[in-house]
2 protein chains.
Amino acid sequence: MESRIERIKKQLHNAKYKLTPQREATVSVLLEHEEDHLSAEDVYLLVKDKSPEIGLATVYRTLELLTELKVVDKINFGDGVSRFDLRQEGAAHFHHHLVCIECGAVDEIQEDLLGDVEQIVEDRWNFRIKDHRLTFHGICSRCSEGNEEKESE
Amino acid sequence: MESRIERIKKQLHNAKYKLTPQREATVSVLLEHEEDHLSAEDVYLLVKDKSPEIGLATVYRTLELLTELKVVDKINFGDGVSRFDLRQEGAAHFHHHLVCIECGAVDEIQEDLLGDVEQIVEDRWNFRIKDHRLTFHGICSRCSEGNEEKESE
DNA sequence: ATATTAACGACAATCATTACAATATGATAA
DNA sequence: TTATCATATTGTAATGATTGTCGTTAATAT
Ligand SMILES: [Zn+2]
Ligand SMILES: [Zn+2]
Ligand SMILES: [Zn+2]
Ligand SMILES: [Zn+2]
């Protein structure tokens with residue numbers, strides 16, 4: 001079976017784009033950091049390790065392109081920077097996020113969970129849903145476990 | 001019964017802040033545009049009509065303060081600016097949004113709808129939810145009605 | 001080899017947001 | 001009243017993320 005990067009290459013070709021060395025380096029950084037939520041600057045710094053001559057503008061352009069092709073999703077957690085998240089292969093919808101207001105950790109929820117809600121929205125508001133963004137802000141399991149004793153204060 | 005602005009004034013006082021004329025002008029602009037989703041710049045321009053001497057920095061600080069007090073919620077629809085939305089009085093949670101990718105309209109969903117989902121997230125992920133952001137992107141009712149005939153093309 | 005064109009890299013420009021320094025306002029104490 | 005202190009404001013400078021420009025490069029077609 002072909003690799004993930006091969007399939008992304010095909011997606012690019014279908015849309016008449018090439019997988020240049022810079023684009024390949026960028027995609028491979030994203031693949032190596034699938035768990036993370038990197039900003040453009042983060043990606044740039046990581047890509048520079050492989051391809052020191054790459055320019056920041058190219059990274060921005062590549063991320064924009066990948067967003068357009070829905071290879072990545074662009075998301076904003078409210079801290080002034082856009083972050084880029086590889087879309088699960090074949091996933092119809094973007095996954096959800098848990099942002100901890102204590103430690104800043106960002107966890108993912110791959111389960112859809114919104115099926116019923118989306119049905120209601122489509123029906124009651126007559127709105128044709130194409131995409132969504134769902135983020136919960138709160139206290140992650142690690143932070144609340146560590147501080148259980150403080151509850152009684 | 002006291003007015004909305006009176007109650008906001010009390011909230012400020014409880015937190016040891018004053019409702020200065022500039023803050024009052026800003027809040028009143030927000031009240032007059034409850035349906036809209038204004039950026040800081042938008043608010044600034046509107047407030048200047050009432051108080052031409054107000055500074056942009058003051059508007060930013062006031063919006064930050066109101067966000068802290070949960071009088072307004074700060075939201076980002078992915079177009080590079082933060083927008084500010086008066087929180088429904090007494091609402092436990094922030095309302096949801098429908099963003100039309102055709103015409104750009106932003107509609108609101110005041111219903112909670114997420115009760116079950118939040119219960120699942122709290123239980124399965126052991127995450128203590130404090131707030132959320134839910135936005136659907138798609139085609140609004142007005143845009144899909146107007147273009148029904150195009151479906152058959 | 002020459003022309004064409006997509007893609008690059010370096011750097012300038014833009015735009016939202018924040019930081020700063022000087023001034024004003026308002027309450028409190030001498 | 002006058003001095004003092006804290007808070008809030010203003011205009012402006014600085015910052016930081018993102019986008020635009022432009023001359024160059026690299027791959028492809030003629
Ligand atoms: Zn945490
Ligand atoms: Zn994610
Ligand atoms: Zn529309
Ligand atoms: Zn709203």
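Convention: sequence-line order gives letters A, B, ...; per-chain numbering from 1.
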>> Tell me whether Val106(B) shares a hydrophobic cluster with Trp125(A), the cluster being built from Ile, Leu, Val, Met, Phe, Trp, Tyr side chains joined at under 4.5 Å.
In response: no

> Would you call Asp73(A) and Arg83(A) a salt bridge, taking side-chain N to carboxylate O under 4.0 Å as the test?
Replying inline: no

>> In this structure, how many angstroms lie between the P atom of dT9(D) and the CD atom of Glu24(B), rounded?
In response: 12 Å

>> I'd like to know if the side chain of Glu108(A) and the backbone of His96(A) have a donor-acceptor N/O pair within less than 3.5 Å.
In response: no

> OP1 or OP2 of dT9(D) less than 4.0 angstrom from a side-chain nitrogen or oxygen of Thr58(B), does that happen here?
Replying inline: no

>> Looking at Glu35(B), I want to see if its CD is surrounded by more than 12 non-hydrogen atoms of other residues, nucleotides or ligands under 6.0 Å.
In response: no

>> Check Glu32(A) with Lys50(A), please: is the shortest side-chain N to carboxylate O separation under 4.0 Å?
In response: yes

> For Ser82(A) and dT18(D), is the shortest distance between a side-chain N/O and OP1 or OP2 below 4.0 Å?
Replying inline: yes

>> I'd like to know if the side chain of Asp36(B) and the backbone of Leu38(B) have a donor-acceptor N/O pair within less than 3.5 Å.
In response: no

>> Distance check needed: dA17(D) C1' versus Phe84(A) CZ, whole Å only.
In response: 11 Å

> Nearest of dC11(C), dA17(D), dT12(D) to any side-chain atom of Ala57(B)?
Replying inline: dT12(D)

>> Please determine whether side chain to side chain contact (heavy atoms under 4.5 Å, CB included) holds for the pair His93(B) and His132(B), giving the CA-CA distance in whole Å, both sets of side-chain angles, and the decisive distance to 0.1 Å.
In response: CA-CA 7 Å; His93(B) 281 147; His132(B) 60 223; 3.4 Å; yes

> Judged by modelled atom types alone, do Asp85(B) and His95(B) share a side-chain donor-acceptor pair under 3.5 Å?
Replying inline: yes

>> Assess whether a salt bridge exists between Arg4(B) and Glu89(B), defined as any Lys/Arg side-chain N lying under 4.0 Å from an Asp/Glu carboxylate O.
In response: yes

>> For dG9(C), does the base pair up with any side-chain atom of Arg61(A) as donor and acceptor (N or O, under 3.5 Å, distance only)?
In response: yes

> Between Phe77(B) and His97(B), is the ring centre distance below 6.0 Å?
Replying inline: yes

> Of the residues in residues 9-23 of chain A, which ones touch DNA chain C at a heavy-atom distance under 4.0 Å?
Replying inline: Tyr17(A), Lys18(A), Thr20(A), Gln22(A), Arg23(A)

> Which ones in residues 69-80 of chain A lie close to DNA chain C, meaning a heavy atom under 4.0 Å from one of its atoms?
Replying inline: none

> So which of residues 35-54 of chain B are in contact with DNA chain D, with a heavy-atom cut-off of under 4.0 Å?
Replying inline: Glu53(B), Ile54(B)

> To the nearest Å, how far apart are Leu56(B) CG and dC20(C) P?
Replying inline: 17 Å

> In whole angstroms, how far is the P atom of dA17(D) from the CD atom of Glu64(A)?
Replying inline: 18 Å

> Counting only side-chain N and O atoms of Tyr60(A), is one of them less than 4.0 Å from OP1 or OP2 of dT19(D)?
Replying inline: no

> Under 3.5 Å, side chain of Arg23(A) to main-chain N/O of Lys18(A), donor-acceptor pair present?
Replying inline: yes

